[in-house]
Amino acid sequence: MTSVTFQTNRTEAAAAAVYVADTLDGPFLPVEGADLDLERLSITLGQSIDEARFTLSYGESVRRRSSTAYELVTAQDLVDRFVRVDFEGRRWYGVFVDDSRDRHGSYGLGATIAGTQVVTALGLEHLLRTVVVTSSYVRGSTEFQIGRGLVFNGDENGATFGNLSAGLPPVTILSPMFEASRDRGTPWSARNAIEYLLTRFPPRDGTGAPVGTWRLSADADSVIGWMEQTVPTDGRTVFDLVEAFVDRRRGLSWHVEFDEASGVVELRPVSLLAQPVNLPGVGTIPSNVSPVAVDFEGAADVNAEVRLTQLTRFDRVVVRGARKTTTCTLPLSTSGVPGVTVEEGGALVEDWTANEQSRYLEAASNEPGYDDLLFVDQRIRNGEARTSESVARVFRRFRLNPNWHGRIRDDDGSGSEYFVSPPHDDDGNPVAEWGPDLTLSPEPLWTEGLRFEPRLRLVDRADYSADRIETGAWFVDVPETAAFDFRPPLVVCRSTYSADEFPPAIGFVVNPVEHRYLAGEELDVFAGSVGSAEARGWNLSVDVLEKAPAIDLVVNGKPQHFFARTTFDPALAASFDPEDDPAENGGLQWSEDTRVTLTLEQDSHLVHVEDVVERSLGEPRRDKVIRRPDLRRDYVVPRTVVAVESGQLVHTESGGYVRDDLPRARALAKAAAAWYGVDRAALTLGIGRIDASLSLGQLVTTIGTPGSESERTVNATVHRIVFDFAADTTVIETSFGELDFE
């Protein structure tokens, strides 16, 4: 760490030499025949643009600095020309963008108008705002260009994947580019992406030639090489994209420096942090490489304002992820089915009334003129009545039982019971199996707050059988570059229906030699039982309700009562086509023949709390809540049916977490606690002269004489310096990135 000590005050005012060039590669020369004076220069890190203000007096009677006589000085055409300023051992480069002339009038008829010309120049980083990305360079078998900006590490549909070409293209300009094949790409780091932007989309002149050679600094990899982000590019400026990658919310910023001898414009990323911070799943933000201690006690013309705020200090960090989920196989229960009653905790129960069921059976039989209709017309009218909105729930809508105890057995109704929301030990590991000796209690279960997700938290093409969830082997055969497609809910049906073969009882009869199982969507494809030539003309699909813990099991191809073989009583029903009798044509009974594998969104979130500071009684506690919906805990209950293969059920035996981001949440909370537990101050340093002792990007660790009472902790980075040559003052401002852990 270096130190800067401000000592004796300087009495003479500083001067700046100003040079102008038509192109960035020069030559930079003084303005001929006029004095161009620098009044004010403001330089800044990222987000904002450097800005300089110059003045020039013009007219017939102007006395220049190099002369004692008054002479004719004309205004200058400077817009779009480049400027260099030399002062106090520093150089600054910019481009003129604005010209304002304050005319004073002439001294006689036909005389030259006199006045003051005020011109504004912006830093060279302004040129990056003039470049809009509307194309992309892609590498397949050859390099080609397409007419739209692609998404770094993803696509327009929100999928995230690496799409950086693994090899350099066979061209003269060696830079990263996009990979045409999704399966062969690797992730873009922030360094890769900015390299690509500066090489492929530099500022250009009227002939299309690059304005300067734009490069990243040599140490850029250590600052931003770790970070992989998904950033869309189409229609955005290069300046905006650099800001997206070198993000202040990640404790980073940047500025540019120009080397006139080589013609290289160097983009320099800098860290705003005093200590490195590890962001789990993202990377480690390095600390600033230029720390400096400032001592100004010996200089009377230096004034410091230190603002130590408690708004960036918190006592607890709470990381709050997405709502936890449980994937399990639930029975469809009824109070008339032995084994698991509604009161004892049957999971899914009928969500229609006895009156609605009676109206479904009666159909149109009570309508005026019904008895005068032909039998075929009666059947048509009854079919219409049974699909009306007033009876839409009957034999179709199933809802979580409000008295459900939150436990389920194996799909045949036997074996151990398991919590759908299992208790955990102190390390966050689930204690899944329920028994009388269990001392821990599960999380409270408020069924009205639960919801079913429209897709299972089970990935397509993955194998969840046996103990593959517990061992993590389920993921082995899933292509890492594939955008995950989650499976729909799984309706599992016992395809045979003879009451003689299968006496009424809760659960499936486990006998894989005699009994066949099918997914609901396959009921119309396969025969009703092993060796049978009969094929059903209907199938089952599931619709998940958005605003209630309920589902619709929809019969497709037949009336809905084909899902109520023993409940639908033909003796009570109005006339119908004999082919629509579920008892004779392959109907199923929901409580005996069907199970549904669903993902249940719980009413609690993944949460981890990390203490930063302990507060005493009566002291207000401040919590920093970090919302990270990308952090998940997706649990699968043991013995969940995950597939049907060759007519048999496929279970996961031990269950477990298919995704558990609790360790990431814990590490993230610890990283945030380390950040929010450090004192930081914003420093404004006013100096009564032009002083270039401090530079952009330096981290001011302390101010004051080391070891004395005047020493104060700052831990903030110089992000803005204003040199006021008219007033002969310098103002230095520091700030720190408010890390966005979200």
Side-chain angles (χ1 to χ4, degrees), residues 13-44 48-58 62 64-67 71 73-101 116-131 198 202-217 239 254-268 690-692 695-696 721-726 728 730:
V18 181
Y19 305 90
V20 175
D22 293 328
T23 61
L24 188 56
D25 56 5
F28 283 87
L29 302 171
V31 176
E32 186 176 352
D35 292 331
L36 185 61
D37 297 323
L38 174 63
E39 280 198 346
R40 188 174 185 271
L41 170 63
S42 173
I43 59 177
T44 183
S48 302
I49 304 288
D50 292 359
E51 181 176 334
R53 173 188 169 100
F54 303 83
T55 59
L56 183 151
S57 297
Y58 64 93
V62 177
R64 300 180 58 202
R65 288 190 298 272
S66 59
S67 173
E71 57 184 285
V73 174
T74 59
Q76 303 289 310
D77 292 327
L78 296 172
V79 172
D80 291 332
R81 299 177 72 185
F82 294 90
V83 59
R84 187 187 88 197
V85 176
D86 294 352
F87 68 100
E88 297 291 301
R90 285 197 180 186
R91 279 189 171 177
W92 179 85
Y93 294 86
V95 58
F96 290 111
V97 296
D98 186 70
D99 183 338
S100 175
R101 304 185 186 187
T116 301
Q117 181 180 6
V118 179
V119 285
T120 301
L122 298 180
L124 296 180
E125 64 272 19
H126 160 71
L127 297 177
L128 299 179
R129 296 199 301 191
T130 67
V131 185
L198 296 182
R204 299 185 183 274
D205 62 18
T207 69
V211 178
T213 301
W214 291 73
R215 295 178 185 167
L216 273 169
S217 61
F239 184 94
W254 61 283
H255 62 105
V256 299
E257 295 180 359
F258 177 57
D259 180 54
E260 189 175 335
S262 64
V264 172
V265 185
E266 192 173 73
L267 192 151
R268 300 184 61 86
I690 300 298
D691 191 290
S695 301
L696 285 179
I721 305 177
V722 179
F723 302 100
D724 192 330
F725 287 84
D728 195 29
T730 303

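Partners of E260 under the salt bridge (charged side-chain N to carboxylate O under 4.0 Å, His left out) rule, at least two apart in sequence or in another chain, are R84, R91. With sequence neighbours excluded, no residue forms a salt bridge (charged side-chain N to carboxylate O under 4.0 Å, His left out) with D724. The side-chain hydrogen bond (donor to acceptor under 3.5 Å, both in side chains) check on S262 picks up D259, with sequence neighbours excluded. Here P202 pairs with R204, P210, W214 under the side chain to side chain contact (heavy atoms under 4.5 Å, CB included) rule; sequence neighbours left out. The ring-ring contact (aromatic ring centres under 6.0 Å, His included) search around W254 returns F239, not counting sequence neighbours. Considering only residues two or more places apart in sequence or on other chains, D37 meets the side-chain hydrogen bond (donor to acceptor under 3.5 Å, both in side chains) condition with R65. Under the side-chain hydrogen bond (donor to acceptor under 3.5 Å, both in side chains) criterion, S48 pairs with no residue, sequence neighbours left out. Not a single side-chain hydrogen bond (donor to acceptor under 3.5 Å, both in side chains) links Q76 to another residue, sequence neighbours left out. With sequence neighbours excluded, the residues satisfying salt bridge (charged side-chain N to carboxylate O under 4.0 Å, His left out) with E266 are R268. For the side chain to side chain contact (heavy atoms under 4.5 Å, CB included) test, no residue two or more places apart in sequence or in another chain qualifies with D80.
With hydrogens and angles left out, the side-chain atoms of S57 and R64 include no donor and acceptor closer than 3.5 Å.
Considering only heavy atoms from C-beta on, R215 stays 4.5 Å or farther from L267 through its side chain. Residues T116 and R101 form no side-chain contact, since every pair of their non-hydrogen atoms from C-beta on lies 4.5 Å or further apart. Side-chain atoms of H126 and V95, non-hydrogen and from C-beta on, do get closer than 4.5 Å to each other.
Taking each heavy atom of L56 and A34 in turn, the nearest pair found is CD1-CB, 3.5 Å. For the residue pair F258 and V264, the shortest heavy atom distance occurs at CD1-O, 3.4 Å. Residue G123 comes nearest to I49 through the heavy atom pair N-CG2, 3.9 Å, listed as atom of the first residue, atom of the second, then distance. What you find for A16 and F725 is that their closest heavy atoms are CB-CE2, 3.8 Å. Contact detail for T74 and Y58: the closest heavy-atom pair is C-CB, 3.8 Å. Scanning both residues, L216 and L198, for their nearest heavy atoms gives N-CD1, 4.0 Å.
Here salt bridge (charged side-chain N to carboxylate O under 4.0 Å, His left out) pairs that include residues 117-129, with residues two or more places apart or in two chains, number zero.
Ion pairing between R40 and D50 fails under the 4.0 Å rule for side-chain N and carboxylate O.
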Assess whether side-chain contact (heavy atoms from CB on, under 4.5 Å) is satisfied between D691 and E88, documenting all intermediate values.
CA-CA 7 Å; D691 191 290; E88 297 291 301; over 6 Å; no
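Taking the six-membered ring where the residue is Trp, the centroids of F723 and F87 are separated by under 6.0 Å. Ring to ring, F54 and F96 are close: their centroids are under 6.0 angstrom apart.
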What side-chain donor-acceptor pairs closer than 3.5 Å can you find for residues 18-31, not counting sequence neighbours?
unit_1	atom_1	unit_2	atom_2	d
D22	OD1	R81	NE	2.9
D22	OD1	R81	NH2	3.3
T23	OG1	D25	OD1	2.4
T23	OG1	G26	O	3.4

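Here the CG-CG distance, from D77 to D99, works out to 7.5 Å after rounding to the nearest 0.5 Å. Atom CG of residue L127 and atom CZ of residue F82 lie 5.5 Å apart, to the nearest 0.5 angstrom.
Checking L36, D98, V83 one by one against L78, the side-chain contact (heavy atoms from CB on, under 4.5 Å) holds for a single residue, L36.
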